Amino acid sequence: MHMERVEKALEAALMEAGGANCPPLLASALRYAVFPGGHRIRPQIVLAVAMACGDPNPHHTDAAASAIEFMHCASLVHDDLPAFDDAPIRRGKPTIHVEYGEPLAVLTGDALIVLAYETIAKAFASDPRQLAAMISIVSRAVGAPGGIIAGQAWESESTISLVDYQRAKTGALFAGATLAGAAAAGRDPEPWRALGDYIGEAYQVADDLRDLLCDAEELGKPAHQDERRARPNAAAQLGIGGAKARLTELADAAAASIPECPGAEQLRVVIRAQTRQLFPSQLEQYAA
């Protein structure tokens, strides 16, 4: 149910951006970058939190979810560029710079970032206070000092703290998703930060395990990138059994951190189920 709602919201926002006056190759590249998507975990979290809080304004929620996903897609486009990972595949198909060329890939990522803010601006125009709050949430999740752009920038430093790197590179946008969901529902977003932090770290640990245990065909992107590029990897530092144990701890902590709200119990069930789905199947043979 959440996935269908996310896809419809993304389609509506992207249709206007890639309209008749848009350069055809850019319009095509924008669609290629967004569809078909991955698991849409981040926008589904926005929806799940807002719905647990009653979802009083679905239009606000859909805009917030779309903005978070556009930012995520933009980060993937830029992350795959030759200047960074030089990745040939993403989501099981050629990356944007392979399919459309490097200049258009840069512009596609930029356009998705702008589209995220435009989507928010249109939806929240009648409520300046909520608009300001949502822009702040998304900006902090994406920019400096602790957003996903800062996470990417850590890779240019001579030394990298695993905690700082993963909190920015992955965790920030998950925290942004829980905060945005609460804010879209008219709730104080700050109590929801811990949930996003726990889910973000769980996702990163799982991603580190997949990078270590899976091949490119399973991942839909290049495997063993962390080892190849000498990046911090939780599975490499903790061992596979240790990383599995940490993943279990984070799943439990995420469920326990959910603030009081009308749909808290149902959301706990959803969070536990979704975090368990992060576990790579290869983990079954390893003891925690």
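In this text the structure is predicted, and so the values were computed from the model without any measurement.
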Side chains of [X] and [Y] in contact at under 4.5 Å (non-hydrogen atoms):
{"X": "Gln44", "Y": "Arg5", "value": "no"}
{"X": "Cys261", "Y": "Arg187", "value": "yes"}
{"X": "Glu102", "Y": "Leu81", "value": "yes"}
{"X": "Tyr198", "Y": "Ile271", "value": "no"}
{"X": "Pro94", "Y": "Tyr32", "value": "yes"}
{"X": "Ile45", "Y": "Thr178", "value": "yes"}
{"X": "Lys169", "Y": "Asp79", "value": "yes"}
{"X": "Phe174", "Y": "Glu201", "value": "no"}

Is [Y] reachable from [X] through a run of I, L, V, M, F, W or Y residues, each pair having side-chain heavy atoms under 4.5 Å apart?
{"X": "Leu173", "Y": "Tyr203", "answer": "no"}
{"X": "Ile120", "Y": "Ile149", "answer": "yes"}
{"X": "Leu26", "Y": "Leu115", "answer": "yes"}

Atom pair [atom1] ([X]) and [atom2] ([Y]), whose distance is rounded to the nearest 0.5 Å:
{"X": "Leu14", "Y": "Phe70", "atom1": "CG", "atom2": "CZ", "result": "5.5 Å"}
{"X": "Ser66", "Y": "Met71", "atom1": "OG", "atom2": "CE", "result": "12.5 Å"}
{"X": "Asp62", "Y": "Leu47", "atom1": "CG", "atom2": "CG", "result": "6.0 Å"}
{"X": "Arg268", "Y": "Asp252", "atom1": "CZ", "atom2": "CG", "result": "12.5 Å"}
{"X": "Ser126", "Y": "Leu131", "atom1": "OG", "atom2": "CG", "result": "9.5 Å"}
{"X": "Leu76", "Y": "His78", "atom1": "CG", "atom2": "NE2", "result": "10.5 Å"}

Steps toward salt bridge (Lys or Arg N to Asp or Glu O under 4.0 Å) verdict (Arg40, Glu4):
CA-CA 10 Å; Arg40 306 288 197 208; Glu4 183 180 351; over 6 Å; no
Got a salt bridge between Glu99 and Lys93, using NZ or NE/NH1/NH2 to carboxylate O under 4.0 Å?
no
Is a salt bridge present between Lys244 and Glu249, judged by a nitrogen-to-oxygen distance below 4.0 Å?
no
Backbone N/O of [Y] and side chain of [X]: donor-acceptor pair under 3.5 Å:
{"X": "Asp188", "Y": "Glu190", "answer": "yes"}
{"X": "Gln266", "Y": "Ala52", "answer": "no"}
{"X": "Ser136", "Y": "Ala132", "answer": "no"}
{"X": "Thr95", "Y": "Asp80", "answer": "no"}
{"X": "His60", "Y": "Ala185", "answer": "no"}
{"X": "Arg91", "Y": "Ala33", "answer": "yes"}
{"X": "Thr108", "Y": "Leu104", "answer": "yes"}

List the steps and the verdict of side-chain contact (heavy atoms from CB on, under 4.5 Å) for Leu209 and Leu247.
CA-CA 10 Å; Leu209 283 163; Leu247 202 49; 4.2 Å; yes
Mind running side-chain contact (heavy atoms from CB on, under 4.5 Å) on Val49 and Trp192 for me, showing each step along the way?
CA-CA 9 Å; Val49 169; Trp192 291 87; 3.7 Å; yes
Salt bridge (Lys or Arg N to Asp or Glu O under 4.0 Å) between Arg42 and Glu69, worked out
CA-CA 7 Å; Arg42 295 157 190 82; Glu69 182 64 8; 5.4 Å; no
Evaluate the criterion side chain to side chain donor-acceptor pair (under 3.5 Å) for residue pair Tyr165 and Thr170; output intermediate values, then yes/no.
CA-CA 8 Å; Tyr165 174 64; Thr170 304; over 6 Å; no
Decide yes or no on side-chain contact (heavy atoms from CB on, under 4.5 Å) for Asp86 and His97, but give the supporting numbers first.
CA-CA 9 Å; Asp86 195 17; His97 71 271; 3.7 Å; yes
I would like to know whether Gln166 and Asp208 meet side chain to side chain donor-acceptor pair (under 3.5 Å); could you show each step before the answer?
CA-CA 10 Å; Gln166 293 188 343; Asp208 287 352; 2.7 Å; yes
With side-chain contact (heavy atoms from CB on, under 4.5 Å) as the test, would you mind laying out the steps for Ile135 and Phe124 before giving the verdict?
CA-CA 10 Å; Ile135 287 177; Phe124 290 87; over 6 Å; no
